2 protein chains.
Amino acid sequence: MNQPLARPGAGAGRREILEAAATAFTRRGYASTSMDDIADLLGATKGRIYHYYRAKADIFLDVVLTGMDELIAGIEPLATAVDVPPADRLWRMVHYHAGLMMTRHSFQRVAIQAVEMRRVGEVPARQSTLDTIINLRDRYEQYFADVIEEGTRQRVFRKVAPRVATKPLLGALNWISLWFDPERGDYASIQRLADEFADFVVGGLRLTRASEP
Amino acid sequence: MNQPLARPGAGAGRREILEAAATAFTRRGYASTSMDDIADLLGATKGRIYHYYRAKADIFLDVVLTGMDELIAGIEPLATAVDVPPADRLWRMVHYHAGLMMTRHSFQRVAIQAVEMRRVGEVPARQSTLDTIINLRDRYEQYFADVIEEGTRQRVFRKVAPRVATKPLLGALNWISLWFDPERGDYASIQRLADEFADFVVGGLRLTRASEP
DNA sequence: GTCTATATGTGGATAGAC
DNA sequence: GTCTATCCACATATAGAC
């Protein structure tokens, strides 16, 4: 039997609960998900959950922060690779984001919704936690705005306002988490879809069509 | 006093309730909205609501169908105007859709979420009603796929798969209903945003950049 | 047609056995 | 650490007065 890694604050118990909760919230939404629903997915009763979390809202916020952390941790090194030309850099960022919407569907769907839809308002949470979430989102968007801005300055992207372009661009990608059905997507088809989306989105910004087939 | 128009199935009482419900559902989500919340917005008690609607789910479905009807009713004449060049036709369709996300924010946000996010699963509804909603959505998407297909055939759009391109395109537009704050948008700024979005989205599909500034 | 009760069910959270 | 049992608040829906 494998010994679970004793990472502080992320014991095996919590991690399992978090996964189950992400799945449950994805399926039914925050308000419609009961603690019994989550417990059922664990094959346990809610007594177990309350041993690790004080309240349903706490689990939810943990799912959201985990999802956002996955996004930022993956994007940051791509966004700060200044030696990569802006169009390629954006392509990789878009590809990663699109891929995560599918490979980490449950966490991402919960996080994206919480952040953008002001669904955090549904959840009783401390103001400091809410501020943290909003700050993370703004920082994340800025990575995209920055690379778009650099691309327009170098005349490889058409002349768009970076902050305005970021909205439809991330909207198109985030939308994946809403229609994508994790039951119907193997690894290969997910990769193909992420490729198509990255080609499409970055292609829409490109000024030269030299590489167009 | 004005005599209310006696349109069958849409009396003044029902209409008022529908508007209040759309606002409430937009603010708190379906599950978190109580009948008392809706009644409060009406300055009444829930006894009034139950005089017109048998159940909360019925109101919700009415909001969804109203929103989808607004979308389709506006898009259909634009999509079937075959004398208009595909790029212009798509521009008008995109512009209308983007505008509706803002001018009819509450109904559209509820409808879009219900349809795309399988949030209909949260609501107890007859299968026939669910089928109606899915059919309306598919028909709507097809209008966009058709005009994109025509544009690619005429070589005014770059070579994309119409059905694949429809997803990010509508995703970018639908996303507006999530981040747009109806409190902070007068008519002029809404028009400007719809213009920018239509320019951006259609510009991303265009093959020639002749009209680029 | 709109109100004030109220019946009834569900779900978050706790207490305490094991 | 996980369970069962239970408390209690809240929300849907109904009954019946006005």
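All chains are named by letter (A, B, ...) in the order of the sequence lines, taking the proteins before the strands, and each is independently numbered beginning at 1. What you see is a predicted model; the values in this text were computed from it and never measured.
By the side-chain contact (heavy atoms from CB on, under 4.5 Å) test, B:R92 is found to be paired with B:L78, B:V84, residues two or more places apart in sequence or in another chain being considered. For A:V164, the side-chain contact (heavy atoms from CB on, under 4.5 Å) criterion is met by A:A161, B:E196, not counting sequence neighbours. For A:S32, the side-chain contact (heavy atoms from CB on, under 4.5 Å) criterion is met by A:R28, B:A31, B:E122, not counting sequence neighbours. Scored by the ring pair (Phe, Tyr, Trp, His ring centres under 6.0 Å) test, B:F25 finds B:Y30, B:F60 as partners (sequence neighbours excluded). Evaluation of the side-chain contact (heavy atoms from CB on, under 4.5 Å) rule for A:N135 yields no partner, not counting sequence neighbours. Residues meeting the salt bridge (Lys or Arg N to Asp or Glu O under 4.0 Å) test with A:R184, sequence neighbours left out: A:D181.
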Could you give the side-chain donor-acceptor pairs of residues 33-44 of chain A under 3.5 Å, partners two or more places apart or in another chain?
from	atom 1	to	atom 2	distance (Å)
A:T33	OG1	A:A24	O	3.2
A:T33	OG1	A:G29	O	2.6
A:S34	OG	A:D36	N	3.4
A:S34	OG	A:D37	N	3.0
A:S34	OG	A:D37	OD1	3.4
A:S34	OG	A:D37	OD2	3.3
A:D37	OD2	A:S34	N	3.0

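When rounded to the nearest whole Å, the span between CD1 of B:I59 and C1' of D:dT12 equals 11 Å. Residue A:K56 contributes atom NZ, which lies 18 Å from atom P of D:dA9 at whole-angstrom precision.
Residue contacts shown for A:S32 are absent, as no nucleic acid heavy atom lies under 4.0 Å away.
Sorted by first and then second residue, the side-chain hydrogen bond (donor to acceptor under 3.5 Å, both in side chains) pairs with a member in residues 94-103 of chain A read A:H95-A:D195, A:H97-A:Y140, A:H97-A:N174; sequence neighbours excluded. Applying the salt bridge (charged side-chain N to carboxylate O under 4.0 Å, His left out) test to pairs two or more places apart or on separate chains, those with a residue in residues 129-143 of chain B are B:E141-B:R163, B:E141-B:K167.
Non-hydrogen atoms lying under 4.0 Å from DNA chain D are contributed by B:K46, B:Y50, all within residues 42-52 of chain B.
Counting 5' to 3', DNA chain C first comes under 4.0 angstrom of a heavy atom of chain B and last does so at the ends given by C:dG1 to C:dT4.
Recorded end-axis angle for the helix from C:dG1-D:dC18 to C:dC18-D:dG1 stands at 0°, based on five pairs per end and rounded to 10 degrees.
For the residue pair A:S189/A:D186, the side-chain donor-acceptor check at 3.5 Å is satisfied.
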